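This is a predicted model, so every value here is computed, not measured. Numbers restart at 1 for each chain; the letters A, B, ... are given by sequence-line order, proteins then strands.
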Amino acid sequence: MSERSERSGDVLVEVRDLKVHFPIKRGVLFDRTVGHVKAVDGVDLSIARGRTYGLVGESGCGKSTLGRALLQLTPPTAGQVAFDGVELTTLAPNKLRAMRRRMQMIFQDPMSSLDPRQNVESILTEGLQAHGIGGDRNGRRKIIAETLDQVGLPRWALSRYPHEFSGGQRQRIGIARALVLGPELIVADEPVSALDVSIQAQVVNLLDELQDNLGLTYLVIAHDLAVVRHISDTVGVMYLGALVEEAPSDRLYTEPLHPYTRALMSAVPVPDPDVEDRRERILIHGDLPSPANPPSGCRFHTRCPWAQPTRCADERPQLREIGGSRVACHWAEQIASGELRPHKVSVEITRPPGEGEEPSVVSAPTEPGSFV
Amino acid sequence: MALLDVEDLSVTFARRGQRTVRAVDGVSFSVNAGEVVGLVGESGCGKSVTSLAIMGLLPKQPGLQVSGKAVFDGTDLLQIDDRSRRDIRGRDVAMIFQDPLSSLNPVVPIGLQVTEVLTRHRGMRGEAAAKEAAQLLDRVGIPDPKRRLKEYPHQLSGGMRQRALIAMAVACQPRLLIADEPTTALDVTIQAQILELLKDLVQDSGTALVMITHDLGVVAGMCDTINVLYGGRVVETARRRPLFRQPRHPYTVGLLGSVPRLDAGRGERLNPIPGSVRDLLPWPDGCAFAPRCDRRVDACIGEPPELVLTHDGRSYRCVNPAPLPGLTPGDEVRTAVPGPATPGSVPAQAVPDEPPAVPGLAAAPSEEETP
Amino acid sequence: MTTIGGKKREKIDRLAELAARDEERGVSLWQDAFRRLRRNPAAIIGAVILTIFVLVALIGPFLVPYGPTDTMGIREGLIKPGVIPGSSSEHWFGYDHQGRDVFSRMIVGARQTLLVGVVATLIGLAVGVLIGGVAGAAAGLGGRWGRWVDSTLMRFIDMLLALPSLLLAVSIAALLGPSLTTVMIAVGMVSVPVFARLLRGSMIAQSNSDYVLAATSLGVRKSKIAVAHVLPNSLAPVIVQATLTLATAIIEAAALSFLGLGNPDSATPEWGVMLADAQQYLGIRPELAIYPAVAIIITALGFTLLGESMREALDPKLRK
């Protein structure tokens with residue numbers, strides 16, 4: 001703990017105005033770009049060394065894309081990512097590859113993120129080989145054995161294949177693969193959402209322990225606000241490709257400022273009947289608008305129970321500091337003080353012209369230019 | 001008389017050359033009219049197979065064996081022929097599934113799929129059916145229902161699809177609705193909408209609802225009675241408040257300790273259950289949960305624990321349950337199990353479960369009142 | 001808390017490590033597939049047929065009662081216009097139109113047939129995997145430049161695919177002149193587009209999977225990812241297709257021989273050639289066509305059974 005506080009304030013990752021736009025292509029013979037899905041559209045954030053930054057939002061909000069763009073696994077369209085002072089977006093491919101040792105990723109689905117034809121030893125050796133760590137076979141074995149102990153896997157796991165493990169153990173393999181390189185930053189994309197409830201807690205505790213022991217910095221991306229709040233120091237809430245609020249974890253819960261954060265918070269079920277019966281729900285209506293054609297002004301204004309006739313629809317709010325939180329809402333103070341009251345929002349169907357599909361269907365492209 | 005009485009339901013799959021799998025192993029529970037009953041458990045606990053068996057929807061394959069009873073309104077659903085079951089299904093009992101996209105036919109417009117139900121069970125045709133279908137969509141909160149009727153499932157968002165599915169399920173005002181993980185595939189804000197809708201439907205029409213889910217939070221807000229399943233058996237049954245306030249079965253305790261809560265502070269350690277759901281002990285050899293249980297005693301192995309009924313209508317299947325607050329923990333249990341317990345002595349367990357009066361319990365709002 | 005007796009605790013611990021109990025070493029996907037293959041009766045029938053076929057092809061020529069090119073029927077004056085003697089206790093399948101022992105020719109012909117099928121398939125597989133592999137790796141991992149490479153290669157494959165397969169084989173055979181090699185190349189080329197497209201599609205699908213992303217984030221080179229991860233995971237459908245192609249290759253080779261584009265040296269027996277020769281004598285001795293035809297069908301069936309079982313065994317969705 002002492003190490004943590006001593007180095008806090010030291011920024012490991014600095015993201016500036018990051019944008020990731022995927023072209024929407026049409027046409028049989030010649031690809032024609034008919035628009036862009038703005039998966040990430042101008043995000044600023046910084047992650048302190050040794051701390052955990054939690055990123056929440058619903059599917060299609062761009063949180064996973066942001067995580068991948070941060071690691072340069074998806075090339076950003078614009079913006080900067082500085083890792084420990086080194087600008088990643090303009091780094092030469094070979095230097096970037098060497099840099100990858102210091103920043104690793106944990107994936108949502110432990111099954112699909114492990115090559116089914118590799119045994120655990122080969123999975124763990126691969127990264128070491130790529131970076132020439134550990135020297136000879138014995139040196140590598142020593143590192144791997146240490147890592148297995150850290151994540152709580154038995155030695156006999158080494159000769160086995162991913163399909164022979166349970167979901168929780170597979171996720172431990174995924175964590176071991178990231179840890180074996182001795183990284184400083186770990187981006188965990190929905191690390192527990194594919195796991196059973198009782199196993200989720202094991203993995204969450206493991207991540208906590210590893211951070212305490214190794215001084216890791218985490219970017220945890222999840223849709224589950226309870227999980228994110230549990231393991232994060234700072235939480236950022238994303239909506240349609242942009243941060244709408246960023247606050248220390250406890251403060252976000254006690255004093256949510258952005259209407260979307262409030263709605264999200266009120267929608268998370270709590271396993272306690274007393275809490276469930278007492279709480280008031282802020283139901284937001286309708287679905288997520290298309291990231292290809294986001295609403296003007298504040299992106300949340302179409303579903304916002306506090307939306308005002310002025311400013312909300314035509315002026316995009318910037319993140320601004322209010323008492324320790326950063327929030328992108330024109331009326332945050334008035335809403336917090338109770339001066340503005342929520343009103344019922346009528347359901348509005350947003351349908352981009354010329355597109356037959358409902359927005360949410362096109363909302364999650366995985367790769368630019370899909371191969372049809 | 002309960003609306004649905006499931007008694008000793010067992011489902012086994014036998015495959016050639018492989019060990020027989022007991023997916024559901026003597027599950028019993030009942031659902032009263034207008035009641036919301038939860039079946040909670042992790043993957044592989046048999047909650048979905050239970051519902052499919054009741055609905056007669058398990059894929060017919062050699063080696064499949066369903067035994068026990070599922071009495072719905074006097075008829076044993078497991079005994080009737082396919083034809084009468086199809087009549088009951090959709091009309092009296094309806095089901096909602098986890099994945100709305102694969103539950104809808106992708107090449108048939110929503111409207112046709114809804115009117116199909118109306119035609120089949122209510123004999124409505126043409127204009128009348130279309131009008132009723134539009135009304136149904138409107139009732140489940142789908143905007144612009146007339147236009148939606150002509151659209152195909154892929155044109156709707158996930159939440160809207162689930163609404164359409166609910167519309168089809170409630171088209172004939174069924175008396176029992178079985179929802180199998182209805183919100184698992186949806187985002188939290190959409191989940192909140194759908195849960196709210198289900199609550200309204202139950203309140204307005206008095207439909208009984210069986211809610212199958214792994215999410216304890218959903219259960220806490222919805223269900224009147226909760227059955228916790230593990231390894232194909234119900235390990236604990238209780239009303240909502242007592243279950244969450246004083247879980248007795250160590251598995252329930254473990255589940256509640258595993259869930260990070262939104263209202264808990266940062267950094268509070270979770271108390272996960274060790275091992276994985278794969279580490280099952282076959283029930284005949286003792287308690288299936290024993291390999292993962294931190295309260296296990298000698299009596300856990302050898303004989304399956306019997307169901308213990310307590311004074312307040314709760315029941316659990318454990319020989320060494322978590323102590324109730326107000327009693328010195330440990331004392332209660334150690335005195336209750338004198339030496340190695342034989343199966344016959346297990347009901348004696350029930351004694352310490354009837355504490356004279358636990359302070360704080362009386363102050364709790366009564367759970368007994370029907371919603 | 002009460003402690004547990006030693007024996008019982010042992011039992012629980014053993015149960016908790018169910019996975020560890022099975023065997024010492026892990027089971028790879030290939031081993032797993034092979035296990036399931038062994039349990040499938042169709043696979044066993046297919047394997048038995050093929051084993052017999054291969055055995056006959058390998059050692060049959062040393063065991064035949066008569067030389068396959070020995071025109072003993074003419075020498076002995078048994079073959080007259082319109083008369084070909086049928087089966088007898090010495091000549092089980094009778095004589096052919098040149099007075100040769102058909103049974104011996106069938107046995108010896110198995111070797112040629114197997115050779116044609118296997119070599120043709122190998123040619124198709126090699127060229128197809130090369131083109132498909134490069135295209136798939138380029139499209140899946142190569143970025144903009146890679147997509148250009150992929151498009152170019154695929155347009156070439158489309159051209160091959162656009163020609164009807166037999167026509168393509170006939171043109172190649174006509175171009176190179178009739179010979180056994182021609183048949184092999186022609187039949188092999190016909191299967192190239194199938195292999196190439198299959199592998200490319202499979203590789204592109206695999207390139208989008210999370211473990212490729214994971215390898216990238218580990219800092220593994222793209223070329224290594226393509227060879228070490230994407231290719232091995234994409235091979236299953238290609239292997240299945242190769243087994244099925246062996247069956248069609250034998251039939252297609254027979255068809256080419258039938259059309260007179262096969263080995264002009266009809267002295268070396270081959271089932272397709274025998275079938276072609278028999279057509280003139282269908283009126284008097286239909287069996288002459290039936291023997292090779294049935295042999296081709298059974299062999300093709302063997303390959304198909306094995307191929308289909310392999311498809312099942314390798315399908316990850318069917319794995320429990």
Donor-acceptor check, side chain of Q200(A) to backbone of V259(B), threshold 3.5 angstrom: yes or no? no
Heavy-atom closest pair, residues P269(A) and G217(B): CB-C, 3.3 Å
On a heavy-atom basis, the closest approach of L262(B) and A226(A) is N-CB, 3.8 Å
Within the structure provided, determine whether R240(B) and D277(A) are in side-chain contact (heavy-atom separation under 4.5 Å). yes
Ignoring hydrogens, what is the shortest heavy-atom contact between P260(B) and H230(A)? Give both atom names and the distance. CB-CB, 3.9 Å
Side chain, backbone, both or neither: which part of V275(A) has a non-hydrogen atom closer than 4.5 Å to chain B? side chain
From L195(A) atom CG to S258(B) atom OG, the distance as rounded to the nearest 0.5 Å: 12.0 Å
Could you have a look at G254(B), G159(B), G221(B) and say which one has the most heavy-atom pairs with chain A under 4.5 angstrom? G221(B)
Quick check: closest heavy atoms across F244(B) and P271(A), and the distance to 0.1 Å? CD2-O, 3.3 Å
For Q191(B), is it the side chain, the backbone, both or neither that has a heavy atom under 4.5 Å from a heavy atom of chain A? side chain
What heavy-atom pair brings V270(A) and A220(B) nearest, and what distance separates the two atoms? O-CB, 3.5 Å
Shortest non-hydrogen pair, A267(A) vs V188(B), comes out as CB-O, 3.6 Å
Non-hydrogen atoms of chain A under 4.5 Å away: do they reach the side chain of V219(B), the backbone, both or neither? neither
Point-to-point distance, once rounded to the nearest 0.5 Å, from NE2 of H223(A) to CG of L186(B): 10.5 Å
Going by atom types alone, do E42(B) and S198(A) pair a side-chain donor with an acceptor below 3.5 Å? yes
Output yes when R245(B) and D274(A) qualify as a salt bridge under the 4.0 Å nitrogen-oxygen rule, no when they do not. yes
Assess whether a salt bridge exists between R241(B) and D272(A), defined as any Lys/Arg side-chain N lying under 4.0 Å from an Asp/Glu carboxylate O. no
Quick one: does Q202(A)'s side chain have a donor or acceptor within less than 3.5 Å of a partner on I273(B)'s backbone? yes
